[in-house]
Amino acid sequence: MQMASVPVNLQKVNFEDAVYHTFYPGNVVALDEVEISSEVSGFITNISFQEGQLVRKGQKLYEIEQSKYAASFAQAEANVKIAKANLEKARNDAKRYSELGQRGMATQQKLEYSATDLENAENQLAVAEAELLRAKTDLKHATIYAPFDGTIGISLVKKGAFVTGGQTRLNTISSNDPIAVDFVISEKEINKFLEFERQKLSKTDSLFTLVLPDGSIYNHPGRILFLDRAVDRQTGTLKVRLVFPNSQRSLRAGMSCNVRVQNKNASRLPLVPQKSVTEQMGEFFVYVVNQDTARQRKIKPGPVIGHNIVVYEGLSEGEEIVVDGVQKLRDGSAVMVSKEQSTASAK
């Protein structure tokens with residue numbers, strides 16, 4: 001008994017430029033970020049910035065009470081002057097006793113004492129100069145400046161608070177433009193990304209783009225800044241850092257995103273509807289129609305692009321495949337084009 005023909009819809013296989021994207025979870029990181037701490041102890045007497053705003057390199061941020069550090073500096077300067085005067089006196093005495101000794105008018109003990117006094121005066125000057133340098137450094141550290149251009153965060157201390165040198169954290173500054181995005185790749189992908197790194201990209205090349213947390217695409221493409229020096233032995237992954245322009249500060253350090261890497265095959269490939277592909281025991285098939293008979297054809301599928309899927313192997317251009325009615329077919333089933341498709345084709 002002859003089986004009834006199965007109504008199906010067909011589609012010709014066309015070869016196209018198969019452009020698709022691979023996605024990687026990423027995190028936005030500042031290229032420069034530093035925690036600001038106090039190097040000296042004292043009360044905060046002034047805060048000279050607005051929290052969350054841009055600051056410029058060298059801009060004054062915090063002032064710690066200056067009076068005691070200014071006094072220590074003045075005292076250290078005076079001690080250096082005294083030490084220099086004492087050294088000059090000791091140098092003159094040593095010279096005079098040396099001349100007297102040559103004429104037999106000074107004892108050996110006096111010569112030794114004068115030499116010792118000179119050495120002590122030299123050491124005292126060295127100590128005084130070291131104290132002056134320390135006092136100068138402390139006075140300098142009592143005013144804290146921005147180390148680079150960037151955004152300053154919420155202050156962790158308020159005016160009037162006491163801070164302890166080397167312990168109290170005041171704030172954090174991070175750079176904004178450009179900004180980096182870190183993500184990890186499998187060690188199997190290293191050669192591919194090394195090739196990406198060697199490519200000369202223009203400012204408009206969209207090899208690397210970002211999908212933001214709200215699902216929108218960031219409007220500036222990025223480029224590889226570097227690949228990390230070593231593969232993580234535990235995970236078999238390698239960190240990649242991209243860099244993006246960020247003049248509007250829409251990318252913020254700590255933000256999560258998806259890195260979208262564009263893949264484009266060198267040759268044109270078949271692109272067929274996903275619904276035309278069936279899976280059996282881990283293998284993939286489509287039904288190719290020839291003379292009203294559907295034959296099952298094994299294919300090697302590639303990435304999904306929208307509602308379509310790339311086919312690496314198994315199809316030739318111009319062949320017709322079943323796109324509707326697949327579930328009713330077996331290998332060798334007789335088919336007929338459905339009335340809906342026939343009507344649509346006639347129009």
Side-chain angles (χ1 to χ4, degrees), residues 27-88 121-182 225-226 241 243-255:
N27 289 289
V28 179
V29 295
L31 289 174
D32 290 308
E33 185 171 282
V34 64
E35 290 185 352
I36 301 172
S37 300
S38 172
E39 295 296 322
V40 296
S41 300
F43 292 96
I44 298 291
T45 57
N46 193 32
I47 297 177
S48 307
F49 61 88
Q50 288 186 329
E51 295 170 315
Q53 298 300 306
L54 285 172
V55 294
R56 298 297 180 188
K57 180 178 180 180
Q59 179 179 331
K60 186 187 295 184
L61 303 177
Y62 293 92
E63 286 184 10
I64 299 169
E65 55 180 337
Q66 308 271 312
S67 55
K68 68 176 181 178
Y69 297 110
S72 296
F73 177 70
Q75 182 177 351
E77 277 190 316
N79 289 341
V80 167
K81 291 178 181 178
I82 293 171
K84 285 182 176 179
N86 290 338
L87 176 60
E88 185 64 22
E122 289 173 341
N123 290 334
Q124 287 169 356
L125 177 60
V127 170
E129 289 178 335
E131 284 296 315
L132 177 62
L133 179 60
R134 183 190 61 78
K136 183 178 180 181
T137 302
D138 286 348
L139 180 59
K140 180 181 178 182
H141 285 162
T143 304
I144 299 172
Y145 300 92
F148 50 77
D149 292 353
T151 298
I152 193 163
I154 297 173
S155 183
L156 301 178
V157 297
K158 301 301 181 183
K159 186 176 178 180
F162 185 83
V163 297
T164 303
Q167 296 183 27
T168 307
R169 189 160 65 93
L170 308 180
N171 212 316
T172 301
I173 292 180
S174 56
S175 60
N176 302 300
D177 187 23
I179 202 163
V181 173
D182 288 349
L225 187 60
F226 62 79
R241 174 164 289 183
V243 64
F244 291 83
N246 190 36
S247 59
Q248 301 301 312
R249 292 196 295 160
S250 52
L251 298 180
R252 300 292 180 113
M255 180 188 290

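- Atom OG1 of residue Thr45 and atom NZ of residue Lys159 lie 7.5 Å apart, to the nearest 0.5 angstrom.
- One finds a salt bridge joining Glu51 and Lys158 here, because a Lys/Arg side-chain nitrogen approaches an Asp/Glu carboxylate oxygen to under 4.0 Å.
- Distance CD/Gln59 to CD1/Ile152: 8.0 Å, rounded to 0.5 Å.
- Using a 4.5 Å heavy-atom threshold, the side chains of Gln124 and Ile82 count as separate.
- Note that CG of Leu139 is 10.5 Å distant from OG of Ser67, once rounded to the nearest 0.5 Å.
- No side-chain N or O of Ser38 forms a donor-acceptor pair with one of Tyr62 less than 3.5 Å apart.
- The minimum heavy-atom distance linking Val157 with Leu170 is given by the pair CG2-CD2, 3.7 Å.
- The CD atom of Glu39 sits 11.0 Å away from the OG1 atom of Thr168 when rounded to the nearest 0.5 Å.
- Side chains of Val34 and Phe148 form a contact here, defined as non-hydrogen atoms less than 4.5 Å apart.
- In this structure, Ser41 contributes its side chain and Gly165 its backbone to a donor-acceptor pair below 3.5 Å.
- Between the side chains of Thr143 and Gln66, at least one donor N or O lies within less than 3.5 Å of an accepting N or O.
- Considering Leu251, Leu54, Leu31 in turn, Leu54 is the only one that fulfils the side-chain contact (heavy atoms from CB on, under 4.5 Å) rule with Asn176.
- The backbone N or O of Asp32 sits less than 3.5 Å from a side-chain atom of Ser175, completing a donor-acceptor pair.
- Nearest approach of Tyr145 to Leu61, heavy atoms of both residues: C-CD1, 3.8 Å.
- At least one donor-acceptor pair closer than 3.5 Å links the side chain of Asp177 to the backbone N or O of Asn246.
- Listed here is the closest heavy atom pair of Arg241 and Val29: NH2-CG2, 3.6 Å.
- Considering only heavy atoms from C-beta on, Leu132 comes within 4.5 Å of Phe73 through its side chain.
- In this structure, Asn79 and Ala128 approach most closely via the heavy-atom pair O-CB, 3.9 Å.
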Report the C-alpha separation of Leu133 and Thr137 in whole Å, then their side-chain angles, then the decisive distance to 0.1 Å, and conclude whether the side chain to side chain contact (heavy atoms under 4.5 Å, CB included) test is met. CA-CA 6 Å; Leu133 179 60; Thr137 302; 4.3 Å; yes
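- Under the side-chain hydrogen bond (donor to acceptor under 3.5 Å, both in side chains) test applied with Thr151, the options Arg249, Arg252, Glu33, Gln53 reduce to a single match, Arg249.
- Taking all atoms of both residues into account, the shortest heavy-atom contact from Ile179 to Ala253 is CD1-N, 4.1 Å.
- Taking CD1 of Ile144 as the reference point, atom NZ of Lys60 lies at 12.0 Å (rounded to 0.5 Å).
- How far CZ of Phe162 is from CD1 of Ile64: 9.0 Å, rounded to the nearest 0.5 Å.
- Across every non-hydrogen atom of Phe49 and Ser155, the tightest pair is CZ-CB, 4.2 Å.
- No more than 12 heavy atoms of other residues, nucleotides or ligands shown are found within 6.0 angstrom of NZ on Lys136.
- Between Asp149 and Lys57, none of the side-chain N atoms (NZ, or NE/NH1/NH2) sits under 4.0 Å from a carboxylate O, so this pair counts as no salt bridge.
- Other residues, nucleotides and ligands contribute more than 12 heavy atoms inside 6.0 Å of the CD atom of Glu77.
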